[in-house]
Amino acid sequence: MLDLAFAPVALALLAPVAVAGLLLVVRGRSARHGVVLAGAFGLGFFLPLLHWSGTVAGPGAWIALVLLQTAMVLPMGAALAVVSRLTWWPVWSAGVWVAGEALRSRAPFGGFPWGRLAFSQADTALTPLAALGGAPLVTFGVALVGGALAHVVTRPGRRALWPVVPALAVWAVAVLVPTPVDGPTTTVAVVQGNVPRLGLDFNAQRTAVLRNHVQATRELADAVRAGTVTGPDLVVWPENASDIDPFGDPVARALIDEAVRDIGVPVLVGTLVDAGDQVDNTGIVWDPVTGAGERYVKRHPVPFGEYMPLRSLLRKVTSKVDLVPRDFRAGDEPGVLDVGVARVGDVICFEVAYDDLVRDVVTGGGRLLVVQTNNATFGRTAQTEQQLAMGRLRAVEHGRAVLVAATSGVSAVIAPDGRIVDRAEVFTRDVLVHEVPQRTALTVATRLGGLPEAALALVGLVALGCALVRRP
């Protein structure tokens, strides 16, 4: 049921119902039983949710990721069972859920936040909570509503209605909070050049991928000169638009130069740059006059996808570790870039799932957010729609327009209130040209940073401590 709350099905109202179901089966159980039940819940949730992960390295990688994520929710199951002994247990359960997601978002190998409750709420009455307390407060709201539903089931009658009061308060705050969308506008173009074919093997035709983005940009320039399209102030290419290092390959550099000079405005180019025995996943500001300038290097490479932990050990198990022949190097600076008239906050692909990486580029001065991504490796799976939902929540959380530039889709222009202004279909060539606001005001969530998550998780952990010292 919880899986169905996430894109592409996106029946978001099922999320609190699913939480209520888990709370009902663990309520009154021992911590050990909570672990077992959470394990069953985790398998039932992550197996379908993360099915797309097997498209790259096969079913073994998918099952391994599912087992790892399920292991990370086992402590949460134990804690939910223990705090159910307390009065006001629906509230404490919501705090425990936030704490569980905080753990899973950080460990192991830097964490994997996919499947947080908040990411199922890209367009619901609880979405505005993101502007107050970020994704953790949205998760808390979903879990609190679920706890209220579970309490009504377990305690029929008027006394059962008290948890509905805080749940309704959360909902009222979410509905009444205005989401600002104003600001001086900038015309942007998001280029989706498409790839020759599906799957990981598209990298074998990386020159064709680059030429696709060059051609799409030059076609945009033709349309601007013909007066059929408004000339953009900047252009955004996706991650891996050029898998050929333009600093080491004169042909690739010439192709990019030609396209940028033709459109006549700066282009944010997603490319790979040779770093010796490592590789930099990079966004480079390419100026039509001065060429390559400011750059951002991805700060959170994906373990087992962009770098291989425990490489020598895993090679004894599978040769697929060599699908990543060189590890990607982690950057150390937030992606705040001046792209012509725009101050852009850039994150690359899965980085949109990490609270601190997105917040850093906003507090660093980013007036609009860019998500450069390459989803071609995942084919026509749910991955791209799930990632798009994260971008929508980030727009509300930080009050910024979000430009999603995807190699093969879904590319999108998202308003600061989370609305999708325009989008491209998967595995098509398309260019999205729109005016978007450049905003400087900071939301409450941006100002508070990690404090809401810490406070809400502490609520759950303190309740857990109290429950452990009480006589069952």
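Residues Val402 and Arg392 are not in side-chain contact: their nearest non-hydrogen atoms beyond the backbone lie 4.5 Å or more apart. The shortest side-chain heavy-atom distance between Leu388 and Ile420 falls under the 4.5 Å cut-off. By the 4.5 Å heavy-atom criterion applied to side chains, Pro246 and Val269 are not counted as neighbours. The closest side-chain heavy-atom distance from Ser411 to Val404 is not below 4.5 Å. For the pair Asn240 and Val209, the minimum side-chain heavy-atom distance is 4.5 Å or more. Side chains of Thr230 and Glu435 form no contact here, defined as non-hydrogen atoms less than 4.5 Å apart. The shortest side-chain heavy-atom distance between Trp97 and Leu117 falls under the 4.5 Å cut-off. With a 4.5 Å cut-off on side-chain heavy atoms, Ile284 and Val273 count as touching.
The closest donor-acceptor contact from the side chain of Glu351 to the backbone of Arg299 lies under 3.5 Å. Here the side chain of Asp280 pairs no donor or acceptor atom with the backbone of Ala275 at under 3.5 angstrom. Listed for the Glu453 side chain is no donor-acceptor partner under 3.5 Å among the backbone atoms of Gly450. A distance-only check finds no donor-acceptor pair linking the side chain of Ser242 to the backbone of Leu210 [under 3.5 Å]. No donor-acceptor pair under 3.5 Å is formed between the side chain of Arg116 and the backbone N or O of Ala102. In this structure, the side chain of Thr139 does not engage the main chain of Val98 through any donor-acceptor pair within 3.5 Å. No donor-acceptor pair under 3.5 Å is formed between the side chain of Asp287 and the backbone N or O of Pro266. Under a 3.5 Å cut-off, the side chain of Arg106 and the backbone N or O of Gly111 do not form any donor-acceptor pair. With hydrogens and angles ignored, the 3.5 Å screen pairs no side-chain donor or acceptor of Gln372 with any backbone N or O of Asp346. Side-chain atoms of Gln192 do not come within 3.5 Å of backbone N or O of Asp430 as any donor-acceptor pair.
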Working for salt bridge (Lys or Arg N to Asp or Glu O under 4.0 Å), residues Asp338 and Arg367: CA-CA 10 Å; Asp338 289 312; Arg367 297 174 184 175; over 6 Å; no

Between Thr55 and Thr377, does the side chain to side chain contact (heavy atoms under 4.5 Å, CB included) criterion hold? Intermediate values first, please. CA-CA 7 Å; Thr55 60; Thr377 49; 5.9 Å; no

Determine, stepwise, if the pair Asp182 / Arg439 fulfils side chain to side chain contact (heavy atoms under 4.5 Å, CB included). CA-CA 7 Å; Asp182 59 318; Arg439 293 181 42 77; 2.9 Å; yes

Let me see the working for Phe350 and His300 under side chain to side chain contact (heavy atoms under 4.5 Å, CB included), right down to the final yes or no. CA-CA 8 Å; Phe350 283 21; His300 197 296; over 6 Å; no

Carefully, step by step, assess Arg359 and Glu397 under the rule salt bridge (Lys or Arg N to Asp or Glu O under 4.0 Å). CA-CA 9 Å; Arg359 178 177 180 268; Glu397 181 176 356; over 6 Å; no

Evaluate the side chain to side chain contact (heavy atoms under 4.5 Å, CB included) criterion for residues Phe140 and Val138: first the C-alpha distance (whole Å), next the side-chain angles of each, then the deciding distance (0.1 Å), finally the verdict. CA-CA 5 Å; Phe140 185 85; Val138 179; over 6 Å; no

Are Asp245 and Arg253 close enough, and set up right, to give a salt bridge (Lys or Arg N to Asp or Glu O under 4.0 Å), and what steps lead you there? CA-CA 8 Å; Asp245 182 358; Arg253 188 183 188 103; over 6 Å; no

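The 12-atom threshold is exceeded at CZ of Arg225, counting heavy atoms of other residues, nucleotides or ligands nearer than 6.0 Å. Around the NE2 atom of His434, the shell of radius 6.0 Å holds more than 12 heavy atoms that belong to other residues, nucleotides or ligands. When the shell of 6.0 Å around CZ of Arg429 is examined, it contains more than 12 heavy atoms from other residues, nucleotides or ligands. Leu13 CG: 12 or fewer foreign heavy atoms inside a 6.0 Å radius.
When all heavy atoms of Asn375 and Ala406 are compared, the closest pair comes out as ND2-CB, 4.3 Å. Here the closest non-hydrogen pair linking Ala405 and Pro238 is O-CB, 3.1 Å. Heavy atoms only, all atoms of each residue included: Glu294 and Val336 are closest at OE1-O, 4.0 Å. Across Gly335 and Val361, no two heavy atoms sit closer than the pair N-CG1, 3.5 Å. Closest approach of Cys349 to Thr373, counting heavy atoms only: SG-OG1, 3.2 Å. Contact between Ala342 and Leu234 at its shortest, heavy atoms only, is CB-CD2, 3.8 Å.
Annotation: the span from Thr217 atom OG1 to Arg261 atom CZ amounts to 13.5 Å, rounded to 0.5 Å. Between the CZ atom in Phe112 and the OH atom in Tyr354 there is a gap of 6.5 Å [rounded to 0.5 Å]. The distance from atom CG of Leu403 to atom CG of Leu268, rounded to the nearest 0.5 Å, is 9.5 Å. For the atom pair Leu369 CG and Arg400 CZ, the distance stands at 7.0 Å (nearest 0.5 Å). Once rounded to the nearest 0.5 Å, the distance linking CH2 of Trp52 with OG1 of Thr384 reads 11.0 Å. In this structure, the separation between CG on Leu22 and CE on Met76 is 6.0 Å, given to the nearest 0.5 Å.
Using bins of under 30°, 30° to 60° and over 60° for the plane-to-plane angle, the ring pair Phe45/Phe6 lands in the tilted bin. Ring planes of Phe247 and Trp286: parallel class, angle under 30° (limits at 30 and 60°). The aromatic rings of Trp237 and His213 sit tilted, their planes meeting at an angle between 30° and 60°.
A salt bridge is defined here as a Lys NZ or Arg NE, NH1 or NH2 lying under 4.0 Å from an Asp or Glu carboxylate O, and Arg104 with Glu101 fails to meet this definition.
No donor-acceptor contact under 3.5 angstrom links the side chains of Gln69 and Trp114, judged on distance only. A donor and an acceptor atom, one from each side chain of Thr428 and Glu425, are nowhere located under 3.5 Å apart.
Centroid-to-centroid, the aromatic rings of Tyr307 and Phe109 stay 6.0 Å apart or farther.
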